[in-house]
Amino acid sequence: MASAEPISLSDLPSQYDHVAAQEKWYPWWEQRGYFRAEVDDPRPPFTIVIPPPNVTGALHLGHALNNTLQDILCRLKRMQGYNVLWMPGTDHAGIATQAVVERRLLEEAGQSRHDLGRDGLVDRIWDWKAQYEQRILSQLRQLGASCDWQRTRFTLDDQCARAVRETFFQLFADHKIYRGQRLVNWDTFLQTAVSDDEVFHDPVPGHFWHIRYPVIDPQAGEPQSVAIATTRPETLLGDTAVAVHPDPAAELDKVVGELEAKLKAAPEKEQEEISAQLAAVAERRRSLLPQLLQLRAMAVRGVQLELPLTGRTIPLIADPWAKPELGSGCVKITPAHDENDYQVWQRNASIGAINIMHPDGTLNENVPEKYRGLTMKQARAAVVEDLAVGGFYDPETDLEDREIDLAHSDRSKTPIEPYLADQWFVRMGEVGEGPDAPGLAQSAMDAVADGRVKIIPHRYAKGYQDWLGEKRDWPIGRQLWWGHRIPVWRQAARSPAMMQDGKDAELAALRQRRIPQLRKLVQEWAAAGRVSVATCDASGSGRSPLLADEDFSAALICVRSADDQEVLAALQRDGVFKQDEDVLDTWFSSALWPHSTLGWPEETAELKKFYPTSTLITSRDIITLWVARMVLTGLYNLGEVPFPEVYIHPKILDGYGETMSKSKGNGVDPLDVIEKFGADALRFGIAYLTTETQDVRMPVEFVCPHCQETIKQTKKNRVLPRVTCDQCGGAFHTQWAREEADLALPRGAVTSERFELGRNFCNKLWNASRFALMNLAGYQAAPVAADQLLLEDRWLLSRLAAVTGEVTQALAEYRYADAARELYRFAWDDFCSFYVEISKARFAVPARRAVAQRVLAHTLDTLLRLLHPMIPFLTEEVWQLLATVAGARGLGHPEPAAESVCIAPWPQVEPSHIDPQIEQQFSKFQAVIGAVRNIRTENKIPPKKEIYFSVGCDKPTADLLQPMKNYFLFIAGAHLQDAGGTVVSSLRTASKVVAGMAVHVSIDDFFDGEAEKKRLESEQAKLAKYDQSLTGKLGNENFVNRAPAEVVQAQRDKLAETREQLAKIETALAEL
RNA sequence: GGGCGAUUAGCUCAGUUGGCUAGAGCACUAGCUCGACAAGCUAGGGGUCACUGGUUCGAGUCCAGUAUCGCCCA
């Protein structure tokens, strides 16, 4: 037991000290090893892998939510007797982390990554990682997370690296990884490709330029030029064609058909607009179609156009991408810098593609000299000006304003340039034919479709299936330095310049000799499974296993093991082969997380014991990026899904319904909440708010460090470096503070009032516990026989059994809010407001103490266990205190309590305790209490004045109420004089009718006949109305005949009760 | 443009398979410092369940449409 010294109960503070409890119990839990999972533990395993937080920065409230939900399950399962492994770790978050460190480097030292070089930068990032990983893990501990810390992993550590390497090798050997030229989203700031998922679209004001390309040698009657429209005139320098629709008439007919169908279905309001559109298309058909048909004929004939400013000619082609209903009906084609144009190129290979951009976003040697080196923005201005000068465009008439949906990089927030580059891909579709070889995407789709992986709530399965269904290949290369480097080598010295360099002539000759030797070696290694070889091939399908000389020069050699020194040395000797510069997409390593953390590709005991994991708890925005990929790699590497269930939890939004983020300034640091309200309050608040459908809206506020008052956060003040408190006038600094003067001020925490609920609840529990501890003096454990239990005991135990069942069920179904609300209600309303209040009267009588103590100790014990997963610190604190006065607890067979509530068994429902009749009876008692209190308040009778009352009711109810006499006096200051059918209310009596009983309170001096009359009459009116509605319902034959019998009966009972109440009120009125 | 979700008290949210005289916390009003708790206790006020139709004996709940908002995908 942790606390050996006797505690003085009166010394317990009346406010729960969350700081002390957190500092005391977390280290103790760790030291006792409660969170450790052992492979030789015979109990059934329960495994969760943490969604590894990025080492980019500190944890935010979304992480607190995610991890609280995981911890609640882990603690629950631990108490339910499982061998629980919660696998912790962090993610290296390639692009995000490198971007943060590079930005910091630029700000602090004015240096770029090239100043440091690859190794220097990577070292710098490892330093950053060490710092933030520490911080993240410490935050998780403060949250109370019961992870098995000894197993902490990192997506870039050696163990994960082995899994990444092996997976890459297998995929490579399986022809599922290939290198191809694709249009990518190029981030010119970070100089890397980013995936579609790392791109966001933002509307910005822009222009639409109309430009004329002259026709070369037009025949008689043909136009002199072709007009096109573009939002990006600078890309003209990379145009390789202009397209016109191959069948403009049919296309226009199709558009008309669609519009007509829409018109039919549209509401009146929109009809006018659609009619206008129809008219416009008709007009276009009349005026423009002949010309489009002519252009199409010219395209078929192979007409060339002059590409302005370049001296190049480009063909006019026919392609359906040109929309006859839009603009001039013609469109310029820039395959290397536009996704749609790229597609056009795929259909019309002969037009070619011209890449006009350097990786840094400036124009390259493929454009006329005067534009080289300009940024895209500068080039736009120059091109537009030159076009005007050349007469290809008239600024007066050929320019319109237009809003453009511009793609931005999520990481650098700079505009994305579509860019043609060599990239690594994982093939998501099928390779070859046949049912035996479903593609990666299909395998993951099947797993969800056939229920091997259940997504909860189920509606999220649709997005998962749709996304995978596209089977788009996964671009896995990133032009970064921070990450798993792609384990592929190829011949370095392919550039003639290098080979011919005089100094290196000898070396070049050496290489020439070595390559045939290497080729032979590589063949041997490939046969031995140490390397896998492929040739550069955009399609990824045709591979030459022969390694002829000419192929070998283009060979890609994937080396299986990072430890295969022989292979690596041989390849790299004399710089003949060089490793690919790219690193892998972070999600490649995250995708392996459920098995890489358990030691795969080794066949470890951990893997055997804990894979597949039991559940995954994560946020909806990474269902595709992460969940889907874990499923497919799990299936690919182990043939088994990584988890049978995925629970998708809500997101936390701020008071304006916006997602929280540090960059908006509306983020809340869980540590601020923990400091102000306590980890238990944070956790309980989170559980209470985690409902299935709703995202969590959380108004955010600053806390003034001077006076502790809160200042509502607004869109205005959330971006200020300093804020002034409107209560005390003191100033404090925020996350934006950079200036010395601001930083000198104390920092204002950012929290939300929504955690008050949890804090207040914890405090309530703490004080109820104090009450119990004080009244357990002299407690002796002993079995309690059923006939020793009083009505209130049986009521409480019945409620407790019901709550136990409901909480257990709710948590099994991820209904956290239901579980939290059930416990809140039971603990506060049932246990504190009634049972504890009532028991005070019992504790006043020595002879009645013993049984009351045993029921109280047992109930508190059970409640602590039920609450422990949500409120670990408080429950442990009280558990330990309780042990000092009541070491053995339980009604039937008292047993010594577990040394920690962490490992105490989860409560079982005691069926013999469930007694609906007792609950119903007790509610009569509660109703009488309520009526008496209500009459007291309404008649302004002072709280301390004792009053006398009687209850008109049937005999069974009277028998029930009589034994509660003491309690009425004790908790309502009211003497029960009489109960039963013969009760007559005296003069100067106020009456209230509840639950079929008439409660009459004698109120002497305070009696106000008029007021009482009014009150009764208003109540009468209300009841009469209800009577009427019920009578109407029951008079309706359809209702009586068609509604289920029990529903009809319930209405009849209600009517009877209402009539009875009315009668009682009439009696009371008559007696007035 | 497509998909998913939301709209219930001043605020933040519950409301299971339709049976409701629609609940909770905060805020509000009135009273209470009685040995667990003022982060509390007691009582109270406050809602045309976004709107329009439909199905049904019966709709906050199911269906269709409208409006507004949010998220995801193109």
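In what follows, every chain begins at residue 1, and chains take the letters A, B, ... in the order their sequences are listed.
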B/G44 phosphate, OP1 or OP2, under 4.0 Å from A/Arg936 side-chain N/O:
no

Out of B/A36, B/A43, B/A14, whichever nucleotide has its closest atom nearest the side chain of A/Arg821
B/A14

Between B/U42 and B/C20 - P atom distance, rounded Å:
27 Å

Would you say A/Lys764 places a side-chain N or O within less than 4.0 Å of OP1 or OP2 belonging to B/A39?
no

Picking from B/G19, B/G5, B/C13, which would you name as closest to the side chain of A/Arg459?
B/G5

Mind checking if A/Asn934 touches a base, just sugar-phosphate, or nothing, with heavy atoms under 4.0 Å?
sugar-phosphate

With P as the reference atom in both, quote the distance from B/A22 to B/G10 in angstrom, rounded to an integer.
16 Å

Pick the P atom in B/A6 and in B/G46, then give their distance to the nearest Å.
30 Å

Counting only side-chain N and O atoms of A/Ser14, is one of them less than 4.0 Å from OP1 or OP2 of B/C37?
no

Intermediate values then yes/no, side-chain hydrogen bond (donor to acceptor under 3.5 Å, both in side chains), A/Tyr967 and A/Glu792
CA-CA 10 Å; A/Tyr967 301 144; A/Glu792 65 268 27; 2.2 Å; yes

Candidate nucleotides B/G40, B/G19, B/A36, ranked by approach to the side chain of A/Arg770 - the nearest:
B/A36

Checking only heavy atoms, does the side chain of A/Gln15 share a donor-acceptor pair with the base of B/A39 at less than 3.5 Å?
yes

So what does A/Ser769 touch, heavy atoms closer than 4.0 Å: a base, only the sugar-phosphate, or nothing?
nothing

Testing B/A36, B/A43, B/U21 for proximity to the side chain of A/Phe771, the answer is B/A36

Just call it for A/Val836: base, sugar-phosphate, or nothing, with non-hydrogen atoms closer than 4.0 Å on any strand.
base

At under 4.0 Å, does any side-chain N or O of A/Trp828 touch on OP1 or OP2 of B/C41?
yes

For A/Lys840, report the nucleic acid contact type (base, sugar-phosphate, nothing); a contact means any heavy atom under 4.0 Å.
base

Min side-chain heavy-atom separation A/Asp680-A/Tyr16 under 4.5 Å:
yes

Quick check on B/G58: is either OP1 or OP2 less than 4.0 Å from any side-chain nitrogen or oxygen of A/Asn1036?
no

Would you state whether a donor and an acceptor, one from the side chain of A/Arg759 and one from the base of B/A39, lie under 3.5 Å apart?
yes

Could you tell me the separation between the CG atom of A/Asp672 and the OG atom of A/Ser752, rounded to the nearest 0.5 Å?
12.0 Å

How would you label the contact of A/Cys762 with the nucleic acid (heavy atoms, under 4.0 Å): base, sugar-phosphate, or nothing?
nothing

A/Lys944 side-chain N/O to B/C34 phosphate OP1/OP2 under 4.0 Å:
yes

Counting only Watson-Crick and G-U wobble pairs with both atom distances below 3.5 Å, the stems of 3 or more consecutive pairs that include RNA chain B are B:1-7 with B:67-73, B:10-13 with B:23-26, B:28-32 with B:40-44, B:50-54 with B:62-66

A/Tyr647 vs A/His649 aromatic rings, parallel, tilted or perpendicular, using cut-offs 30° and 60°?
tilted

Using the benzene-type ring in the case of Trp, are the ring centres of A/Phe761 and A/Tyr688 under 6.0 Å apart?
no

Using the ring of each side chain (for Trp, its six-membered ring), is A/Phe826 parallel, tilted or perpendicular to A/Phe831, with breaks at 30° and 60°?
parallel

When you measure from the side chain of A/Glu837, which nucleotide among B/G19, B/G3, B/A36 comes out closest?
B/A36

For a quick check of understanding: with a heavy-atom distance under 4.0 Å over all strands, which category does A/Asp621 fall into, base, sugar-phosphate or nothing?
nothing

Looking at A/Asn767, I'd like to know whether one of its side-chain N or O atoms comes within less than 4.0 Å of OP1 or OP2 on B/G40.
no

To the nearest 0.5 angstrom, please state how far the OH atom of A/Tyr342 sits from the CH2 atom of A/Trp321.
16.0 Å

Rounded C1' spacing from B/U61 to B/G23 in Å:
15 Å

Could you measure between the two C1' atoms, the one in B/A50 and the one in B/A59, and give it in whole Å?
16 Å

A/Trp828 atom CH2, over 12 foreign heavy atoms within 6.0 Å:
yes

Taking the minimum atom-to-atom distance to the side chain of A/Met774, which one of B/U42, B/A36, B/U21 wins?
B/A36

Please classify the nucleic acid contact of A/Phe761 as base, sugar-phosphate, or nothing, using heavy-atom distances under 4.0 Å.
nothing

